[in-house]
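In what follows, a structure is listed as structure tokens, so that the remarks can point back to it.
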Amino acid sequence: MMDFIGSLGDILGNASFWVAVLRIATPLIFGTVGVLLCERAGVLNLGIEGIMVAGAFAGWLTVYGGGSLWTGVLVAALVGAAFGLLHAWLTVGLALSQHVAGLGITMLATALSYYGYRVSFPKVNTPPTVTPFAPMDWFPLPVFDAQTPPTLLALILVPLIAWLLYRTPIGLAVRMVGENPQAAEGQGVSVAAVRTGAIVAGSALMGVAGSFLTLSAFNAFFFNMINGRGWICVALVVFAAWQPGKALLGALLFAFFDALQLRLQQSGDAVLPYQFYLMLPYALSIVALILVARRATYPQALMKPYRKGER
Amino acid sequence: MTEPAPVLRIRNISKRFGELLANDAISLTLDSGEVLALLGENGAGKSTLMSILFGHYVADAGDIEVFGKPLPPGNPRIALNAGIGMVHQHFTLADNLSVLDNIVLGSEPLWQPFSNRRAARTKLLDVAHRFGLPVDPDARVGTLSVGERQRVEILKALYRGARILILDEPTAVLTPQESESLFATLAQMVAQGLSIIFISHKLGEVLRVSDRVAVLRAGKLVAEAATKGVTQAQLAQWMVGHGVDAAERQPTRVRGGSVCALERVSTARRGREYLRDVSLALHAGEIVAIAGVSGNGQAALANLLCGTLSAEHGSVTLLDAPLPAEPDRLVQLGVARVPEDRHAVGVVGDLPVWENALSERLSSPAFSRGGWIRGTAARAHAQTIVKRFDVRGGGLTTAARSLSGGNMQKLILGRALTPPAGAVAAKLIVAHQPTWGLDIGAVAFVQQQLVAARDAGAAVLLISDDLDEVMALGDRIAVMHAGALTEALPAEQWTRETIGLAMAGSHAASTPGAERAA
């Protein structure tokens, strides 16, 4: 037991641990904020898992084909936005079930990406690599100087989205459309336009979240690399009670446990099987969800398709 | 004197929903500074017409002119900009947002980096002051009372500079005192030059507030007259299409023993919808009417007696034994239930009439044997109900959802009051808003059935937010407010005013007898 606490102290005292926490948190921050935007407007977007795969692939392919790293991120955002537009057409235009549309998009985007990869690289055994974002050595803060620019972007994005949601007319429109679309329509706000906009913007962020994995965290694209991160984002939004600040906190918390379990696995003297540590962040998220999310006030119109002229 | 130009002119508006012709070539005008009452029964087409005016629906034919300019159809934003404001019957507010948020939405260009909150707040407070509608801009709408929410809805329209205000059944959810204050607000608006369309099906109210009245029946405009020259009876005749006899009070003749008693009952707290230290005795051969604005614990009371909610403190006895919290058992003991929401709780909409007629008695040996439904017996029973309670609009195999509200309620009432062979007759009837949303004919039928059941010896608990109904049917009346119930006193000891005060939670009103003496 003392051993365990000792190794825990070693881990937490090491700067590289905190570097890892921020790195793991970055795609979760992008993804969670993306889901949050969609859900604040009243639309569940379960396409995130697939959109992240597509973003990871599209971003990586762009850079592999000679584009700059930032072009890769932009392309990932555009690909995400395109799938967002499809989701908006299905859930807002046609008012179909948001669950089914979202899961369909996840399957479609995942399959298209894998297919695209296989067609582009039919006979490769080791995944081809690109040169990823370099750490920001110039940054005057420890831990942060080992991060790549997209992490900084993610951290700036959170207050920006909070400002947008709570301080601007468009943010109020998004929240109102997620709370009571009839009211918004009655005030002269187009529910379809606002919802579509929120889904497209949120999905673009999901694409960026995926590209972080291939352009910053790793340097290649491989199958199953998203590995449920999209679903984690969906849960984190509930944990965050649909508030950007808490979403950041949730992403960091999850990343903390994920980094911790990686280190504990490696520390070797662990008495428990490594699967236990693998499970840890997920189990702790569920506990946190139970503690926090029960009192959350969720958007009242979430998952309710709005058809104009109906009551 | 020249005739002032009308602010609003509706010409030959028609709208069809499938088979139903909701509006049939309706033409109306509204003059400046006028209150026009739009009167009609539920389903007469009032709300459809107003939804067309406000751009929620697009008319199949006809056109609208506002302040002399044609109004393009189908866009609330254009209607708003033209100066039309609408206060919906079911409020269109977001509960989780603040009053200011709800009001400001849509009034600023969407793409600007800052929302000018301070200017918006000043403007709101100014409008609120000008029309005498005090409001806290930062309160979360979810925490407001129904009257306050309506105030927010009205302010929403006034904030946008509405010159024509449409109020859809505005008093349906208000206490009499709140209604009075609404009428005062309307007078103030007219004084400031606004024009108002007041939609209602309450005759007294229409006579009280309007300058002119237009009556719709089955989608057609059947009458239009200056309010001064018409009587209540005449309005009723226009509205229904035939003469209507005012309901006569038929007080109970024989009051029997106690059937059900609540002794200081409290239930788990959920907003205002709970019971707080409620005591009440229900006797055979007597109707006890519970008045109150809905959402003040009436649902908790009904659910408690229907077995879907348990008391936290206190005791509930039924026929000298503790009341079992099992709906199935209660039905067997003779508790007949008419639930508040007939669509959601009363029937299963997709199932046919005969299965719905059977649904409360699934375990009765009259209808099932060895786990199989006795189809013939069940259908015969359903046929009896349909015949006795005059359920029209389809056969036994019609899906219940396609029945009209009145026929659906007759089916539910018939099911509750028609015990199958071998079962006891209804001893306690829990009727929660039994006539809500029904047309006049169906209302009279339901009320007659309740009186007949009482005269046959049942104890009737009538929960209603329609004060006229409470006063017409109740042998004893009690008033609910915020989970508490006043003492159930004989109907003669209450007046509309004392009931209204108790509905608003005024303590002095909870003992009307004492107040009379004072």
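Proteins get letters first, then strands, A, B, ... in listed order; numbering begins at 1 in each.
With a 4.5 Å cut-off on non-hydrogen atoms, B:I103 touches chain A through its backbone but not through its side chain. Contact of B:L93 with chain A is made through the backbone alone, with heavy-atom distances under 4.5 Å. Of the atoms belonging to B:N102, heavy atoms from both backbone and side chain fall under 4.5 Å from chain A.
Counting non-hydrogen atoms of neighbouring residues, nucleotides and ligands closer than 6.0 angstrom, the CZ atom of A:F144 reaches no more than 12 such neighbours. Within 6.0 Å of the OH atom in A:Y298, the count of heavy atoms belonging to other residues, nucleotides or ligands does not exceed 12. Atom CZ of A:R167 has 12 or fewer heavy atoms from other residues, nucleotides or ligands within 6.0 Å.
Going from atom CZ of B:F91 over to atom CD of A:Q182 covers 15.0 Å, rounded to the nearest 0.5 Å. Between the CG atom in A:L172 and the CZ atom in B:R117 there is a gap of 7.0 Å [rounded to 0.5 Å].
Heavy-atom minimum distance, B:L80 versus A:G188: CD1-N, 3.7 Å. Scanning both residues, A:Q187 and B:L105, for their nearest heavy atoms gives NE2-O, 3.5 Å.
Counting heavy atoms from C-beta outward, B:N96 and A:Q300 have side chains that approach closer than 4.5 Å. The shortest side-chain heavy-atom distance between A:M176 and B:L97 falls under the 4.5 Å cut-off.
The choice from A:G171, A:A184, A:G186 that makes the most heavy-atom pairs within less than 4.5 Å of chain B is A:G186.
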Residue pair A:R175, B:D101: steps toward the side chain to side chain contact (heavy atoms under 4.5 Å, CB included) verdict
CA-CA 10 Å; A:R175 286 184 291 140; B:D101 278 344; 3.6 Å; yes

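No side-chain donor-acceptor contact under 3.5 Å links B:W111 to the backbone of A:P169.
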